[in-house]
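What's counted below: heavy atoms across the whole structure, side chains too, no hydrogens, waters or symmetry copies. All residue numbers refer to positions in the sequence shown, counting from 1. Given the structure is predicted, the values throughout are model-derived calculations rather than measurements.
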Amino acid sequence: MKSIKQKVKSKSGLIVAMITAAVGLVSLTVPMVAFANDNENVNIGIVSPTETVSVSDKVSLFNSYLEISEEIASGMCGDNAVWVLDDTGTLTISGSGAITSSPWRSQYKLSIKTVVINSGITKIANYSFWGCTNLTSVSLPDTVTEIGQRAFEECSITSITIPNSVTLIDDCAFELCKKLTSINIPDSVTKVGKYAFNCCTALTSVTIGKSVNNIGNYAFATCTSLTDVYYSGTWCEWEHIEKGAYYDSYFLNAAKHYGDTRVHPWSTELSYDDEAHYYKCTLCGEEKDVENHSFTNYVSNNDATCTADGTKTAKCDVCDATDTVVDLDTKLGHTWSLLYNEDSHYYKCTLCGEETDAENHSFTNYVSNNDATCTADGTKTAKCDVCDATDTVVVPKLGHNYENGVCTKCGVIKPTALSNPRTGDSTNYIFWIALLVISGTTAAVILVNLRRKSFK
């Protein structure tokens with residue numbers, strides 16, 4: 001297969017395209033081209049989408065292409081974004097990041113017929129193509145996430161594919177696009193700004209993704225041809241989209257078609273209240289299959305007291321609801337134990353600690369402890385007539401009981417008996433014998449001394 005290559009330069013000297021075609025083909029896909037460095041034999045600006053050109057003469061194909069693709073203006077439109085407008089009315093934007101300005105609008109807005117935005121561009125700035133009334137075709141990459149305010153206002157586009165990367169269609173973005181006949185808002189979009197499609201009088205159908213949760217005021221106002229609105233979610237989800245308060249009859253009266261035929265997105269888990277269980281719509285709260293609870297298996301909570309019945313609880317036979325009721329005739333009653341302190345005795349419940357019937361002790365039956373002596377007081381003790389408390393009191397000393405000068409209780413000799421002994425007292429004969437011996441000895445000593453004096 002024979003191939004033909006040709007290096008194409010613009011009037012300004014920039015390389016516009018490097019084209020290769022295969023001889024024998026009846027058509028050629030020719031990429032839209034940005035620009036290249038003239039000092040490098042490389043093409044750095046090839047973009048998509050592409051045009052398909054049918055030809056009969058392969059060589060004349062290149063000549064034809066060269067004649068219609070002359071660059072007429074170019075420049076920067078963002079920190080990392082460039083634009084090239086050729087003499088066919090095609091505006092190509094390449095690079096990365098956001099489009100932040102639209103310098104083409106000052107001089108070339110009526111010359112623009114086609115807009116091709118390359119992959120890498122993330123945001124279309126406010127007013128980017130406002131008033132480009134001859135713009136009929138727009139190609140957007142799947143890197144774009146935002147379409148700014150009035151970005152395509154008053155353009156002549158008949159259709160546009162919004163990629164499934166866009167999350168915001170801002171205010172007035174497509175206002176007064178009077179030739180736009182249909183629009184598909186993908187599931188990625190969450191907000192459609194106010195007046196976004198206002199006065200799109202040729203618009204007959206709108207498809208709205210289920211992720212949209214906010215549609216601004218007058219977003220589809222004066223769309224006089226609008227007959228059908230297609231929504232990928234359920235009726236209930238549609239009803240819960242936050243919509244601006246102001247809509248005209250065209251949008252309100254358009255036939256609504258729902259992608260999910262369920263009226264409500266029902267929860268898969270049962271909900272319940274004090275009376276019943278049911279399935280609940282996750283959006284609007286509507287309930288279905290409402291049934292009263294059924295409680296059959298009650299279990300004691302073991303919370304009865306001495307004076308009050310306890311409770312018992314059952315779980316619903318269907319859901320997790322519980323019911324707690326009084327467990328009749330389960331109160332425990334007191335278990336009394338007799339206790340006492342120093343002053344009184346009383347009954348105390350061993351379960352709850354309640355006390356009752358407190359009374360002072362009563363001591364009536366004292367018994368001697370047999371600890372009194374002739375010279376010291378003793379004690380006697382009594383046990384309470386009711387409890388085990390005891391009371392000990394003092395009793396008088398016994399005092400001596402002398403017989404024959406000796407105490408019959410403790411054996412102590414009566415003091416007066418030592419100075420006046422009584423004859424015949426045999427109770428303490430050792431004492432009397434000793435006394436006689438001492439007296440006799442004393443008398444003998446005196447007698448001996450007297451005799452000694454007489455011999456002298």
Side-chain angles (χ1 to χ4, degrees), residues 145-146 162 164-171 183-194 196-197 205-221 223 226-303 310-328:
T145 59
E146 294 184 21
I162 299 176
N164 198 33
S165 56
V166 173
T167 59
L168 171 64
I169 300 174
D170 216 338
D171 301 346
I183 190 69
N184 184 356
I185 300 172
D187 284 341
S188 60
V189 174
T190 59
K191 181 179 179 180
V192 178
K194 59 187 178 182
F197 297 93
S205 67
V206 176
T207 299
I208 300 175
K210 65 183 298 182
S211 296
V212 172
N213 54 45
N214 187 298
I215 299 176
N217 290 335
Y218 302 109
F220 296 95
C223 293
L226 185 61
T227 58
D228 294 279
V229 174
Y230 297 88
Y231 177 64
S232 60
T234 67
W235 170 85
C236 181
E237 290 169 325
W238 173 258
E239 291 298 310
H240 283 80
I241 293 176
E242 182 181 348
K243 305 180 185 73
Y246 306 106
Y247 281 91
D248 61 20
S249 59
Y250 300 105
F251 181 80
L252 294 175
N253 294 333
K256 306 300 189 299
H257 309 273
Y258 304 104
D260 191 333
T261 57
R262 297 175 300 165
V263 175
H264 297 279
W266 299 109
S267 171
T268 57
E269 296 182 0
L270 278 172
S271 298
Y272 58 88
D273 54 30
D274 290 342
E275 303 295 332
H277 45 255
Y278 44 82
Y279 290 96
K280 191 173 184 178
C281 176
T282 57
L283 290 176
C284 69
E286 184 171 331
E287 302 166 0
K288 74 169 185 176
D289 299 339
V290 180
E291 294 181 344
N292 289 334
H293 296 306
S294 173
F295 301 105
T296 56
N297 186 25
Y298 284 90
V299 177
S300 173
N301 295 316
N302 297 316
D303 55 356
T311 60
K312 57 184 178 180
T313 298
K315 182 179 177 183
C316 176
D317 301 334
V318 177
C319 70
D320 291 332
T322 58
D323 182 48
T324 299
V325 298
V326 174
D327 197 2
L328 297 175

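With sequence neighbours excluded, the residues forming a side chain to side chain donor-acceptor pair (under 3.5 Å) with H277 are E291, H293, listed by chain and number. Shown here are the side chain to side chain donor-acceptor pair (under 3.5 Å) partners of T234, two or more places apart in sequence or in another chain: E237. Listed by chain and number, the residues in a salt bridge (Lys or Arg N to Asp or Glu O under 4.0 Å) with D260 are R262 (sequence neighbours excluded). Every residue two or more places apart in sequence or in another chain that forms a ring-ring contact (aromatic ring centres under 6.0 Å, His included) with H257 is listed here: Y230. Residues forming a side chain to side chain donor-acceptor pair (under 3.5 Å) with S205 (at least two apart in sequence, or on another chain): none. Scored by the side chain to side chain contact (heavy atoms under 4.5 Å, CB included) test, S300 finds N302, D327 as partners (sequence neighbours excluded). With sequence neighbours excluded, the residues that form a side chain to side chain contact (heavy atoms under 4.5 Å, CB included) with N253 are S249. Under the side chain to side chain donor-acceptor pair (under 3.5 Å) criterion, D289 pairs with no residue at all, not counting sequence neighbours. For Y258, the side chain to side chain contact (heavy atoms under 4.5 Å, CB included) partners are Y231, W235, W238, K256, not counting sequence neighbours.
For P186 against N164, the heavy-atom pair with the smallest separation is CB-OD1, 3.3 Å. The shortest non-hydrogen separation linking V229 to A254 is CG2-CB, 3.9 Å. Minimum interatomic distance between F295 and A321 (heavy atoms only, all atoms of both residues): CE2-O, 3.6 Å.
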Below 3.5 Å, can you tabulate the donor-acceptor pairs from side chains in residues 278-288 to any protein atom, sequence neighbours excluded?
unit_1, atom_1, unit_2, atom_2, d
T282, OG1, P265, O, 3.1
E286, OE1, H264, NE2, 2.9

Donor-acceptor contacts, no H, no angles, side chain residues 310-317, under 3.5 Å, sequence neighbours left out:
unit_1, atom_1, unit_2, atom_2, d
T311, OG1, N301, ND2, 2.8
T311, OG1, D303, OD1, 3.3
T311, OG1, D303, OD2, 2.6
T313, OG1, N301, OD1, 3.4
T313, OG1, N301, ND2, 2.9
T313, OG1, T324, OG1, 2.7
K315, NZ, D320, OD1, 3.1
D317, OD1, T296, OG1, 3.0
D317, OD2, S294, OG, 2.8
D317, OD2, T296, OG1, 3.2

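Atom CG of residue N214 and atom NZ of residue K194 lie 11.5 Å apart, to the nearest 0.5 angstrom.
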Exercise for the section: List the steps, then state whether side chain to side chain donor-acceptor pair (under 3.5 Å) holds for N213 with T190. Expected result: CA-CA 6 Å; N213 54 45; T190 59; 5.0 Å; no

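For the residue pair D187 / S211, no side-chain donor-acceptor distance below 3.5 Å is found, with atom types taken as modelled.
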